[in-house]
Amino acid sequence: FITVKAYTAARLMEDQGVDFIIDDDRAGEIADLIAIGRESSGGARIGLHHCKYSSEDSPGSRVADLYEVLGQAARSVRWLDARRLAQRLLDRVQSGSKILYGRPDDLYQKLEEWRDNPVGGRFSISVVQPGLRISSVNRQINLKSLITDVHEWVSQHDALFHVVGQ
């Protein structure tokens, strides 16, 4: 048995562009997982990943499976600023959030640089919910509306939005 968060972290570690993965899954979190890397152009790539287990074994179109995790995604737009994110991540890592991937000293150096001299980059917010059957979203108006609203909110903050299901 593998958790949604462990599966997501393993997939992120396979991405050659990811330099750091932080597990911030605790009270006051930025996101369950934060992936920091680089674009081929040299800019920063920052992914905030919100993971939630399914209420049932089989995937479907249950609003309850998405409601909380979509709310977390919507609230995380407050961290779509490199300086603000860097300061918060420094505080979170020093107070117990775990670095799952990457060298701690390198992460601290990068975050301190961002805090002092914010960089441009590409932000994304992802919702990972294995209980969601992607093919059923368009047939469920409540589900489609929730996802569309969060997508629009995140897009208005110049970030990409992804929903991962089955």
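Only this structure's heavy atoms are used, side chains among them; waters, hydrogens and symmetry mates stay out. This is a predicted model, so every value here is computed, not measured.
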So if you build clusters from Ile, Leu, Val, Met, Phe, Trp, Tyr with side-chain heavy-atom gaps below 4.5 Å, do [X] and [Y] land together?
X      : Y      : answer
Tyr67  : Val77  : yes
Leu12  : Leu111 : no
Val18  : Ile34  : no
Val150 : Trp79  : yes
Leu70  : Val137 : yes

Euclidean distance, [Y] [atom2] relative to [X] [atom1], rounded to 0.5 Å:
X      : Y      : atom1 : atom2 : result
His151 : Ile147 : NE2   : CD1   : 10.5 Å
Gln72  : Leu48  : CD    : CG    : 11.5 Å
Ile22  : Ile30  : CD1   : CD1   : 8.0 Å
Arg115 : Leu89  : CZ    : CG    : 12.0 Å
Leu100 : Phe20  : CG    : CZ    : 13.0 Å
Ser97  : Asp23  : OG    : CG    : 7.0 Å

What's the verdict on side chain to side chain contact (heavy atoms under 4.5 Å, CB included) for Ile46 and Trp114, showing C-alpha distance, side-chain angles and the deciding distance? CA-CA 12 Å; Ile46 302 158; Trp114 288 0; 3.6 Å; yes
Indicate whether any N or O donor in one side chain lies under 3.5 Å from an N or O acceptor in the other, for Arg26 and Ser95. yes
Pair Gln87, Asp91: side-chain N/O donor-acceptor within cut-off below 3.5 Å: yes
Whether [X] side chain and [Y] backbone form a donor-acceptor pair below 3.5 Å:
X      : Y      : result
Gln129 : Val69  : no
Arg122 : Ala159 : no
Arg78  : Ala74  : no
Ser145 : Asn142 : no

Would you check if [X] and [Y] make a side-chain contact, meaning some heavy-atom pair closer than 4.5 Å?
X      : Y      : value
Ile125 : Leu80  : yes
Ile21  : Ile99  : no
Val127 : Leu132 : no

Test side chain to side chain donor-acceptor pair (under 3.5 Å) applied to Ser76 and His50, Glu29, His49, the passing residue: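 Per the side chain to side chain donor-acceptor pair (under 3.5 Å) rule, the option paired with Ser76 is His50, out of His50, Glu29, His49.
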Stepwise, does the salt bridge (charged side-chain N to carboxylate O under 4.0 Å, His left out) test hold for Glu113 with Lys110? CA-CA 5 Å; Glu113 287 171 8; Lys110 182 173 289 293; 5.4 Å; no
Counting only heavy atoms not in [X], do more than 12 sit closer than 6.0 Å to its [atom1] atom?
X      : atom1 : result
Arg83  : CZ    : yes
Gln156 : CD    : yes
Arg103 : CZ    : no

Could you go through Leu90 and Tyr108, starting from their C-alpha distance and side-chain angles, then the distance that decides it, and tell me whether this counts as side chain to side chain contact (heavy atoms under 4.5 Å, CB included)? CA-CA 7 Å; Leu90 281 167; Tyr108 297 138; 4.0 Å; yes
Short N-O contact, Arg92 and Asp24, less than 4.0 angstrom: yes
Do Asp15 and Arg45 sit within salt-bridge range, that is, some charged N less than 4.0 Å from a carboxylate O? yes
Determine, stepwise, if the pair Asp106 / Asp19 fulfils side chain to side chain contact (heavy atoms under 4.5 Å, CB included). CA-CA 9 Å; Asp106 292 343; Asp19 298 321; over 6 Å; no
Check against side chain to side chain contact (heavy atoms under 4.5 Å, CB included), Val128 and Tyr7: CA-CA 10 Å; Val128 183; Tyr7 175 82; 5.7 Å; no
